[in-house]
Amino acid sequence: MEPSEKYLYKYKGMYFHPEYVTPELIDSLEEFEIRVSDVFLITYPKSGTVWTQNILSLIFHEGHRDETEDIHVIDRVPWLEYNLNKLDYANRPSPRLFTTHLPYYLVPRGLKNKRVKVIYVARNPKDVLVSYFHFSKIVITLEEIPDFNIFMERFLAGKVHSSSWLDHVRGWYDHRDEFSILFLTYEEMIKDLRGVVLRICDFLGKELSEDDLDTVVKKATFENMKEDPRANYETMPGGLLEKDKGHFLRKGTVGDWKNTMTVAQNERFEEVFKEKMKDLPFNYVWNNEEAI
Ligand SMILES: Nc1ncnc2c1ncn2[C@@H]1O[C@H](COP(=O)(O)OS(=O)(=O)O)[C@@H](OP(=O)(O)O)[C@H]1O
């Protein structure tokens with residue numbers, strides 16, 4: 001079953017939503033003017049994007065940490081290709097923080113000067129699949145596919161928004177030498193959030209006091225983010241979420257795929273993905289017992 005054109009179109013090998021992204025915009029991003037102080041967060045959807053957005057916002061903005069500023073993370077670390085709140089990116093003060101789901105070959109050329117810091121977060125693709133499946137039910141501009149089996153086949157074929165998980169992760173990993181890039185996984189964030197925040201700070205050359213570090217870690221926990229209107233995405237622009245159907249911050253756990261996928265579905269998933277993932281260094285995300 002092919003994706004409906006109402007929700008998806010393909011451009012330069014990548015599926016985009018027609019309402020938010022035009023081919024002209026994608027083309028223009030190649031020349032997007034980069035500052036060396038910019039920081040880019042890059043993810044495949046449902047891999048821990050908003051979590052890391054929140055962490056970056058907390059690291060960089062005292063007013064977020066001490067709650068004196070009421071600015072949503074979508075405005076602190078906005079999407080490069082989905083400028084939902086029409087921010088003036090060219091005139092934002094430095095350091096600018098951006099988020100993107102773009103593949104390595106569509107990001108601004110300036111990222112390749114190796115001076116711009118890029119953080120890539122990957123997550124076990126089975127958990128990504130399940131999170132994506134639930135997400136498609138609550139976002140009004142995503143095609144809702146009630147049958148998990150059909151959704152999984154679309155996911156495996158890369159016929160979803162942002163295309164194939166495998167191509168995304170592999171592309172960024174195989175081209176890592178062209179960027180100044182820190183790879184993180186959702187699973188290690190779950191296992192040792194403080195350690196990951198420290199690694200991010202180290203990578204970005206940010207020094208936080210112990211108290212500030214504690215605050216970042218505390219405010220980035222699932223429970224606290226769920227209660228924080230600046231970070232829980234309950235009020236997405238344009239009323240994108242159908243709140244009575246579920247929440248953006250849904251479960252926030254590792255291994256939830258086991259509650260959804262049948263043995264046969266897991267076998268099918270592994271048949272398509274496992275061999276192709278073999279030489280990726282993220283093998284540990286494949287098997288949750290090994291990850292935790
Ligand atoms: N603090 C924290 N701790 C643990 N997990 C968290 C946290 N914040 C967000 N999440 C979970 O991340 C999933 C959403 O992924 P993304 O933010 O990448 O989605 S999106 O691409 O921006 O739509 C989604 O995963 P699921 O719960 O499995 O659906 C969120 O719950």
Go through it in stages, so that I can follow the logic: the residues are L204 and L56, the test is side-chain contact (heavy atoms from CB on, under 4.5 Å), and I'd like the CA-CA distance, side-chain angles, deciding distance and then a yes or no. CA-CA 10 Å; L204 299 178; L56 286 175; 3.8 Å; yes
Identify the two heavy atoms, one from [X] and one from [Y], that lie closest to each other, and give their separation to 0.1 Å.
X: F148; Y: L129; result: CZ-CD2, 3.6 Å
X: V50; Y: A231; result: CG1-O, 3.6 Å
X: I59; Y: L208; result: O-CD2, 3.9 Å
X: I34; Y: G110; result: CG1-CA, 3.9 Å
X: G252; Y: I190; result: O-CD1, 3.5 Å
X: V121; Y: T185; result: CG1-C, 4.3 Å

Could you verify whether a donor N or O on one side chain and an acceptor N or O on the other, from [X] and [Y], lie under 3.5 Å apart?
X: T215; Y: R65; result: no
X: N266; Y: K126; result: yes
X: H64; Y: R76; result: no
X: S162; Y: H101; result: no
X: T68; Y: D66; result: yes

Distance to the ring centre below 6.0 angstrom and angle to the axis at most 45 degrees; does that hold for K46 and F248? yes
A cation-pi test, strictly: NZ or CZ of K12 under 6.0 Å from the centre of the six-membered ring of Y105 and no more than 45 degrees from its axis. Yes or no?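 Judged by the rule (NZ or CZ under 6.0 Å from the ring centre, within 45° of its axis), K12 is not positioned above Y105.
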For residues [X] and [Y]: do they belong to one hydrophobic cluster (side chain heavy atoms under 4.5 Å, members Ile, Leu, Val, Met, Phe, Trp, Tyr)?
X: V36; Y: L111; value: no
X: F60; Y: L87; value: yes
X: I140; Y: L84; value: yes

Please check: side-chain N/O of [X] versus main-chain N/O of [Y], any donor-acceptor pairing under 3.5 Å?
X: D127; Y: G255; value: yes
X: K226; Y: L249; value: yes
X: S131; Y: V128; value: no
X: T99; Y: L41; value: no
X: R176; Y: F183; value: no

Option among M225, R230, H72 that satisfies the side chain to side chain contact (heavy atoms under 4.5 Å, CB included) test with N54: M225
Residue among L106, V21, L102 satisfying side chain to side chain contact (heavy atoms under 4.5 Å, CB included) with L29: L102
Quick check: do [X] and [Y] have side-chain heavy atoms less than 4.5 Å from each other?
X: F155; Y: V272; value: no
X: W51; Y: L193; value: yes
X: Q53; Y: Y233; value: yes
X: M261; Y: F133; value: no
X: E153; Y: R268; value: yes
X: L8; Y: E143; value: no
X: L166; Y: P125; value: no
X: V160; Y: Y15; value: no

Pair [X] + [Y]: basic N to acidic O under 4.0 Å:
X: E67; Y: K219; result: yes
X: E144; Y: K137; result: no
X: E275; Y: K278; result: yes

Check whether more than 12 heavy atoms from other residues, nucleotides or ligands sit under 6.0 Å from atom CD of E33, and answer yes or no. no
Hey, is CD on E30 packed in by over 12 heavy atoms from elsewhere, all under 6.0 Å?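 Buried by this count: over 12 neighbours within 6.0 Å.
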If the plane angle is over 60° it's perpendicular, under 30° parallel, otherwise tilted; pick one for H17 and H161.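 Rings of H17 and H161: tilted, 30 to 60°.
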One pair to check against side-chain contact (heavy atoms from CB on, under 4.5 Å): I26 and M14. What are the steps and the verdict? CA-CA 10 Å; I26 296 302; M14 176 89 167; over 6 Å; no
Separation between [atom1] of [X] and [atom2] of [Y], rounded to the nearest 0.5 Å:
X: M189; Y: Y186; atom1: CE; atom2: OH; value: 8.5 Å
X: T100; Y: F40; atom1: OG1; atom2: CZ; value: 7.5 Å
X: E187; Y: S47; atom1: CD; atom2: OG; value: 9.0 Å
X: D75; Y: N85; atom1: CG; atom2: CG; value: 4.5 Å
X: Y104; Y: E178; atom1: OH; atom2: CD; value: 7.5 Å
X: E19; Y: Y7; atom1: CD; atom2: OH; value: 9.5 Å

Given K112 and F179, is the side-chain contact (heavy atoms from CB on, under 4.5 Å) satisfied, shown in steps? CA-CA 5 Å; K112 294 194 178 178; F179 302 91; 3.7 Å; yes
D38 pairs by side chain to side chain donor-acceptor pair (under 3.5 Å) with which of R96, R92, R115?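 Exactly one pass, corresponding to R96.
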Between Y44 and W172, is the ring centroid distance below 6.0 Å? no
Evaluate the criterion ring pair (Phe, Tyr, Trp, His ring centres under 6.0 Å) for residue pair Y11 and F16; output intermediate values, then yes/no. CA-CA 7 Å; Y11 185 63; F16 295 102; 7.1 Å; no
Mind checking what makes side-chain contact (heavy atoms from CB on, under 4.5 Å) contact with S136, not counting sequence neighbours? L142, F151
Applying side-chain contact (heavy atoms from CB on, under 4.5 Å) to R250 and I138, what does each step give before you reach the verdict? CA-CA 11 Å; R250 190 182 60 94; I138 64 168; over 6 Å; no
Going by the rule ring-ring contact (aromatic ring centres under 6.0 Å, His included), which residues pair with Y89 if we only count those two or more places apart in sequence or in a different chain? F98
